[in-house]
Peer 1: 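The structure's right below; bear with me while I get my questions together.
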Amino acid sequence: MREKTESMKKGQVYEAIVDRVDFPNKGIVYAGEEIAVVKNCLPGQTIRFRVNKVRKGKAEGQLLEVLKQSPLEIGPPCSHFGVCGGCAYLALPYRQQLALKGDQVKRLLAPCLNRQLKQWNWEGIKGSPVTYEYRNKMEFSFGDEIKDGPLALGMHKRGSFYDVVTVKGCQIVDQDYRLILGTVLEYFAPDSVGLRVRHFHRLRHEGYLRHLLVRKASHTGEILVALVTTSRDPWGRPKEEISKVSDWEERAVMTEEVLLEGFLDRLMALEKGGMLGGRFAGILHIVNDSQADVVQSDRTHVLYGKDYFYEELLGLKFKVSVFSFFQTNSYGAEVLYETVREYIGDLGTDALDGRPDKVVFDLYSGTGTIAQLLAPVAGKVIGVEIVEEAVLAARKNARENGLDNCEFIAGDVLKVLDAIEEKPDFIILDPPRDGVHPKALSRIIAYGVERIVYISCKPTSLVRDLDMFLEGGYLVEKAVAIDQFPWTANVETVCLLSREHTPQREIGSLS
């Protein structure tokens with residue numbers, strides 16, 4: 001029994017050993033019999049933390065200092081670790097990180113699934129075939145590391161919404177990303193373009209430079225780069241001041257058009273000089289005047305090439321546009337999709353001619369990857385995706401892969417389902433992080449299909465949705481975690497659900 005202590009109070013500082021880390025990156029520590037949640041720590045570390053909030057006997061604390069390293073730590077291979085907010089577990093050996101994430105998902109699923117009256121099988125966690133330089137997409141932010149400091153380009157600092165740290169040595173992307181980042185930052189620095197190009201200020205909603213989006217196909221090597229800016233003057237000059245510039249040469253040097261031409265020239269010089277491992281498929285300028293800190297497009301201008309590239313997975317070719325959803329780890333995606341094919345199992349055939357005849361719904365289908373992988377063993381696959389450009393890419397992908405039994409519909413799943421005349425025999429769900437809308441989930445359950453495979457990138461949302469499935473007469477047969485995001489706090493989970501046909505006889509538990 002833990003030694004009793006006085007109740008934790010806001011503002012107090014404590015020292016404790018981290019007992020475990022729950023999803024997502026929540027360190028659990030005990031001070032006597034009381035629990036505190038402290039982010040950004042590792043199991044076994046001795047830490048000092050300050051209590052920021054106390055509610056119903058549970059405290060939330062801020063990490064102040066790691067007093068003693070965990071016996072599991074080996075030290076991070078990245079100089080930005082601990083400052084950059086991207087990676088959480090880079091100081092652990094990969095096998096320890098896998099065990100940690102697998103246990104996190106298992107602890108989340110168990111209270112929900114142990115209520116079902118049939119045993120379910122936990123299949124542990126599958127690792128990524130590539131653990132470093134695996135990402136095929138990065139959204140870098142422009143900003144400054146300190147207020148009014150030099151221009152920075154990279155990731156938000158850990159625990160900060162405003163400060164940005166330049167990540168020239170990031171280890172989860174390959175050398176092409178690091179080279180492009182460094183080249184773009186150097187170009188927009190004041191001594192390069194003559195005047196300081198202003199970055200977008202998230203509080204004042206002023207400035208020009210917002211994001212640098214880089215996508216690279218891991219298997220084909222094609223690179224897509226998008227500079228995201230506002231429509232404001234790059235240097236923050238009032239319109240009256242610009243109109244007063246009379247000298248033609250001076251005006252030419254100080255226009256956005258010339259600025260973007262220089263940006264394009266710098267990037268193309270990397271390819272022409274043989275410095276890139278891949279090759280540019282397209283270089284874009286995206287205008288985004290939204291006040292929200294998101295990467296989106298009001299207008300897109302193609303400066304070079306095209307606004308998409310191709311990636312290859314499991315023998316199929318996929319067109320990926322700048323905003324299309326596509327798994328950010330191509331190597332891990334192959335593990336994920338092979339698991340989905342295994343989980344969905346034999347779809348069956350027509351009793352008379354032996355041909356595939358079953359209808360599969362692929363809901364939240366993105367660029368149609370899963371739909372096309374299942375198409376050869378299905379009568380028809382219908383994908384539903386809210387991002388219209390992803391749907392257009394999915395249709396083109398299916399044509400180029402010679403698949404004529406795939407249909408892709410643009411729209412919200414909740415609204416589209418009622419308009420589809422076909423009824424599914426099987427359903428694949430791959431929703432965004434917040435999971436499935438409850439009304440859409442009720443509609444999905446009402447189909448009463450034999451098997452459903454649920455792919456989740458946020459296990460807490462998955463658990464909420466599984467509660468509804470269990471209430472609707474489904475059972476979870478098995479589940480597995482898949483590490484699509486090595487070193488970060490994120491993890492994918494795949495669950496196989498089946499319709500309950502017979503009375504339940506035994507209480508399920510973790511095997």
Side-chain angles (χ1 to χ4, degrees), residues 16-30 35-47 49 58 60-63 66-78 80-114 120-132 134-135 158-159 170-172 327-329 331-332 335-336 339 433 455-463 478-495 510-511:
I17 298 175
V18 181
D19 185 73
R20 67 177 192 272
V21 176
D22 286 344
F23 179 87
N25 195 24
K26 293 181 178 179
I28 306 299
V29 300
Y30 291 90
I35 297 175
V37 177
V38 184
K39 290 185 177 181
N40 301 317
C41 49
L42 298 172
Q45 285 180 337
T46 302
I47 64 170
F49 66 96
K58 184 179 287 188
E60 292 182 12
Q62 177 186 357
L63 178 66
V66 176
L67 301 173
K68 185 179 179 181
Q69 287 190 331
S70 165
L72 304 176
E73 288 184 76
I74 58 172
C78 178
H80 309 300
F81 181 68
V83 180
C84 166
C87 294
Y89 306 129
L90 202 54
L92 295 177
Y94 188 57
R95 57 185 174 81
Q96 295 290 349
Q97 182 212 153
L98 283 180
L100 184 152
K101 288 184 176 182
D103 287 344
Q104 287 178 343
V105 176
K106 182 178 176 181
R107 282 196 301 271
L108 282 170
L109 292 179
C112 170
L113 299 189
N114 285 352
W120 62 287
N121 185 30
W122 169 245
E123 295 189 329
I125 185 168
K126 296 181 180 181
S128 172
V130 176
T131 56
Y132 293 105
Y134 64 85
R135 284 191 65 96
R158 178 177 283 183
C170 179
Q171 296 299 302
I172 61 175
Q327 293 289 345
T328 54
N329 180 350
Y331 311 102
V335 175
L336 174 67
T339 301
R433 291 182 61 79
I455 307 161
S456 170
C457 58
K458 188 178 181 182
T460 48
S461 299
L462 170 64
V463 170
K478 55 185 177 179
V480 65
I482 298 177
D483 188 24
Q484 288 275 81
F485 320 99
W487 315 119
T488 74
N490 300 312
V491 62
E492 296 265 348
T493 310
V494 182
C495 287
L510 286 171
S511 58

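Here, residue 1 is the first one in the sequence, and each next residue gets the next number.
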Peer 1: Looking only at non-hydrogen atoms, find the nearest pair between Ala489 and Phe23 and report the distance.
Peer 2: O-CE1, 3.4 Å

Peer 1: Quick one: are Ser128 and Val335 in side-chain contact, heavy atoms under 4.5 Å?
Peer 2: no

Peer 1: Working to the nearest 0.5 angstrom, can you tell me the gap between Gln97 CD and Leu90 CG?
Peer 2: 8.5 Å

Peer 1: Got a second to check how far Gln327's CD is from Ile455's CD1, nearest 0.5 Å?
Peer 2: 7.5 Å

Peer 1: Hey, does the side chain of Thr328 reach the backbone of Arg135 with a donor-acceptor pair shorter than 3.5 angstrom?
Peer 2: no

Peer 1: Is the backbone of Ser70 close enough, under 3.5 Å, to the side chain of Glu73 for a donor and an acceptor to pair up by distance?
Peer 2: yes

Peer 1: Tell me if a side-chain donor or acceptor on Tyr94 pairs with a main-chain N or O of Thr131 at a distance below 3.5 Å.
Peer 2: no

Peer 1: Run the side chain to side chain contact (heavy atoms under 4.5 Å, CB included) test on Asn490 and Arg433 for me, step by step, so that the C-alpha distance in whole Å, both residues' side-chain angles and the decisive distance to 0.1 Å come before the verdict.
Peer 2: CA-CA 11 Å; Asn490 300 312; Arg433 291 182 61 79; 3.6 Å; yes

Peer 1: Looking at OG1 of Thr493 and NZ of Lys101, how far apart are the two atoms once the value is rounded to the nearest 0.5 Å?
Peer 2: 10.5 Å

Peer 1: On a heavy-atom basis, which atom in Leu42 and which in Ala88 lie closest, and how many Å separate them?
Peer 2: CD2-O, 4.0 Å

Peer 1: Mind checking what makes side-chain hydrogen bond (donor to acceptor under 3.5 Å, both in side chains) contact with Asn25, not counting sequence neighbours?
Peer 2: Asn40

Peer 1: With the side chain counted from C-beta on, respond yes when Gln484 and Tyr134 share a heavy-atom pair under 4.5 Å apart, and no when they do not.
Peer 2: no

Peer 1: Tell me whether Glu492 contacts the main-chain N or O of Ile482 through its side chain, where contact means a donor paired with an acceptor under 3.5 Å.
Peer 2: no

Peer 1: Would you give the length of the straight line joining atom CZ of Phe49 to atom SG of Cys41, rounded to the nearest 0.5 angstrom?
Peer 2: 9.5 Å

Peer 1: So which heavy atom on Val480 is nearest to which on Gly124, and how close?
Peer 2: CG2-O, 3.4 Å

Peer 1: Looking only at heavy atoms, what is the nearest atom pair of Val491 and Phe485, with distance?
Peer 2: N-CD1, 3.8 Å

Peer 1: Report yes if the side chains of Thr488 and Tyr89 come closer than 4.5 Å at any heavy-atom pair, otherwise no.
Peer 2: no

Peer 1: Leu462 vs Leu109, test: side chain to side chain contact (heavy atoms under 4.5 Å, CB included). Steps then yes/no.
Peer 2: CA-CA 9 Å; Leu462 170 64; Leu109 292 179; 3.9 Å; yes

Peer 1: Rounded to the nearest 0.5 Å, how far apart are CD of Gln45 and CD of Gln69?
Peer 2: 7.5 Å

Peer 1: Does Ile47 form a side chain to side chain contact (heavy atoms under 4.5 Å, CB included) with Val18? I'd like the steps, not just the answer.
Peer 2: CA-CA 7 Å; Ile47 64 170; Val18 181; 4.0 Å; yes

Peer 1: With side chains defined as the heavy atoms from C-beta onward, is the minimum distance between Ile74 and Gln96 less than 4.5 Å?
Peer 2: no

Peer 1: How about Pro111 and Val463: do any of their side-chain heavy atoms sit closer than 4.5 Å?
Peer 2: no

Peer 1: Please say whether more than 12 non-hydrogen atoms of neighbouring residues, nucleotides or ligands are located less than 6.0 Å from NZ in Lys39.
Peer 2: no

Peer 1: Which atoms form the tightest heavy-atom contact between Cys170 and Cys78, and what is the distance?
Peer 2: CA-SG, 4.3 Å

Peer 1: So, using side-chain hydrogen bond (donor to acceptor under 3.5 Å, both in side chains) as the criterion, who are the partners of Glu60 when residues are at least two apart?
Peer 2: none

Peer 1: Evaluate side chain to side chain contact (heavy atoms under 4.5 Å, CB included) for Ile17 paired with Tyr30, printing each intermediate quantity in order.
Peer 2: CA-CA 8 Å; Ile17 298 175; Tyr30 291 90; over 6 Å; no

Peer 1: Report yes if some heavy atom in the side chain of Tyr132 is under 4.5 Å from a heavy atom in the side chain of Pro77; otherwise report no.
Peer 2: yes

Peer 1: What closest approach, in Å, do Gly127 and Leu98 show between heavy atoms, and which atom pair accounts for it?
Peer 2: CA-CD2, 3.8 Å

Peer 1: Just how far is it from atom CG of Leu100 to atom CG of Leu72, taken to the nearest 0.5 Å?
Peer 2: 8.5 Å

